[in-house]
2 protein chains.
Amino acid sequence: MKTYELVLRRVEADLAAGRLRPGDRLPGERALAAEFEVSRPSVREAIRVLEAMGIVRTAVGSGPDAGAVIVTEPSAPLTAILRLHLATRHLPMGDIVRTRVLLESWAVREAAGAAESLDLGPATALLDAMDDTDLAPERFHRLDAEFHVALAALAGNALVSTIMGSLREAIHGYVLEAAAQLPGWDRVADGLRREHRAVLAAVAAGEEDRAAELVTAHIEGFYRTARVG
Amino acid sequence: MKTYELVLRRVEADLAAGRLRPGDRLPGERALAAEFEVSRPSVREAIRVLEAMGIVRTAVGSGPDAGAVIVTEPSAPLTAILRLHLATRHLPMGDIVRTRVLLESWAVREAAGAAESLDLGPATALLDAMDDTDLAPERFHRLDAEFHVALAALAGNALVSTIMGSLREAIHGYVLEAAAQLPGWDRVADGLRREHRAVLAAVAAGEEDRAAELVTAHIEGFYRTARVG
DNA sequence: AATGCACTGTGGTCGGACCACACCAGTAGG
DNA sequence: CCTACTGGTGTGGTCCGACCACAGTGCATT
């Protein structure tokens, strides 16, 4: 058992027991080292791992926001993991795309099933922003990613939203590169805009099957066009 | 930009460019520190993060297997992340269960669609092992987890398999606890065994819809009985 | 030729030190 | 009285140097 793992265990136990809650500050590195009777580097390695997992965020300085704070908003630490596994060729791009289709078609189906209680404001605002034809491709794809995450969030499942966001984010670089080499980008972008609107309309109208079909065709169509995955 | 992040970037760049490939050994910590002109602790923190992400594994000693080696088998580093997020109450148990249903019903549907080319050996062997009525609950649930992962693996999507395995593994402790307080465990276990067989049979017979329905009922039924999620 | 042991390189751990930063309180100036 | 500066203080960030445990390697002994 490595020393930093010991620190991780103790912190996890504190979390599970409710002695540490989101928003709380961990004791300082020196204090933790003294409490667990380990060295400061070992504590730091453990905190690094917690940070990489999205459990805590660290900040220097003093005051209430300094130190290692347990995050309150579940973030998307999977992004970096997926990107690295993509880099090592452990994960084929095709698997990621297919998983996106799976999660996203489920999400829009769920959302359409509860259409009357949805807040489509954020998603609509993103689509409006994407209508700007002067948008740089980088910005366009960033908004596209946000839209798809907003779409997935409508289903109300935090885990699915997080995974979706990480998937979309992890392949952002690849999408950007592939789209840049695409002839007639303006026409492609226009098609994507129309498809987005159609998906959102189907969700709003409560048409579950149609929403799922549209989003599936939208994603698979783009990756086929861009020859990614 | 923190120093250890700088190290991470360089390593990721080496991975993406193919200069580092699965099975390769990273240079020693001292060598990396010298190469990047940073201190050894910074290198160590970066390696810790890579280890937590399942990109490398480290071993002491000398010889070909010592040091930080890029893993060849994609593992499930998500387990620890999910478990910790569960401990922080960031993720509701219900979301995890619903996500399992989603992924697993998709997986068995896919598998049933390619039933003729499946190797059902591993999954069947696990079910045979679970038939032993003298099995301790801990062992039973461990085999159950392995069976569900094997089931998901039949779909041939590495990402879905990995996520599924992590989901099942992360809630293992909770399942164990809930099942222990269940009256008439023997009867419950018998029901689970029958349901497992039925799912596998449906997959083997290529009955996509039926396999998906069975696995959905199986998972949701258990968690309703155990009052988890 | 077979056996045992010192050598060497690896990660693991530690203590101490200094830096940059951000907040906070006390003080000098208006 | 209020404002603006300025030091103090505690935080994480980084570094250095050292020693340990471990596992192969190869030489020396038998």
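First the proteins, then the strands, lettered A, B, ... as listed; each starts at 1.
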Exercise. Would you say dG24(D) has OP1 or OP2 under 4.0 Å from some side-chain N or O of Ser62(B)?
Worked result: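 For dG24(D), neither OP1 nor OP2 has a side-chain N or O of Ser62(B) closer than 4.0 Å.
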Please report, rounded to the nearest Å, how far the [atom2] atom of [N] is from the [atom1] atom of [X].
{"X": "Arg44(B)", "N": "dG17(D)", "atom1": "CZ", "atom2": "C1'", "answer": "15 Å"}
{"X": "Lys2(B)", "N": "dC15(D)", "atom1": "NZ", "atom2": "C1'", "answer": "17 Å"}
{"X": "Arg30(B)", "N": "dC15(D)", "atom1": "CZ", "atom2": "C1'", "answer": "15 Å"}
{"X": "Tyr4(B)", "N": "dG13(D)", "atom1": "OH", "atom2": "C1'", "answer": "11 Å"}
{"X": "Ile47(A)", "N": "dT14(D)", "atom1": "CD1", "atom2": "P", "answer": "13 Å"}
{"X": "Arg40(B)", "N": "dA18(D)", "atom1": "CZ", "atom2": "C1'", "answer": "10 Å"}
{"X": "Leu32(A)", "N": "dG13(D)", "atom1": "CG", "atom2": "P", "answer": "13 Å"}

Seminar exercise, completed: Sorted by position of nearest nucleotide on DNA chain D, 5' first, the leading residue of Val38(B) and Gly61(B) is Val38(B)
For this session: Identify whether any heavy atom of Arg57(A) sits under 4.0 Å from a base atom; if not, whether one sits that close to sugar-phosphate; answer base, sugar-phosphate or nothing.
Result: nothing
For this session: Pick base, sugar-phosphate or nothing for Gly63(A), based on heavy-atom distances below 4.0 Å to the nucleic acid.
Result: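 Here Gly63(A) touches the backbone only, sparing every base.
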Exercise. His196(A) vs His148(A) aromatic rings, parallel, tilted or perpendicular, using cut-offs 30° and 60°?
Worked result: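 Rings of His196(A) and His148(A): perpendicular, as their planes differ by over 60°.
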Problem set entry | Cationic N near anionic O, under 4.0 Å, Asp132(B) to Arg139(B) |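 So Asp132(B) does not pair with Arg139(B) through a salt bridge.
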Does the [X] side chain pair with the main chain of [Y], one donor and one acceptor, at a distance under 3.5 Å?
{"X": "Arg89(B)", "Y": "Leu15(A)", "value": "yes"}
{"X": "Asn157(A)", "Y": "Asp95(B)", "value": "yes"}
{"X": "Arg57(A)", "Y": "Ala68(A)", "value": "no"}

For this session: Could you pick out which residue, Asp65(A) or Leu26(B), lies toward the 5' side of DNA chain C when each is mapped onto its nearest nucleotide?
Result: Leu26(B)
For this session: Verify the neighbour count for atom CZ of Arg9(B): are there more than 12 heavy atoms of other residues, nucleotides or ligands below 6.0 Å?
Result: no
For this session: Please name all residues satisfying side chain to side chain donor-acceptor pair (under 3.5 Å) with His90(B), sequence neighbours left out, ordered by chain then number.
Result: Thr88(B)
Exercise. Nucleotide range of DNA chain C contacted by chain B, 5' to 3', under 4.0 Å to a heavy atom?
Worked result: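 The footprint of chain B covers dG9(C) to dT13(C).
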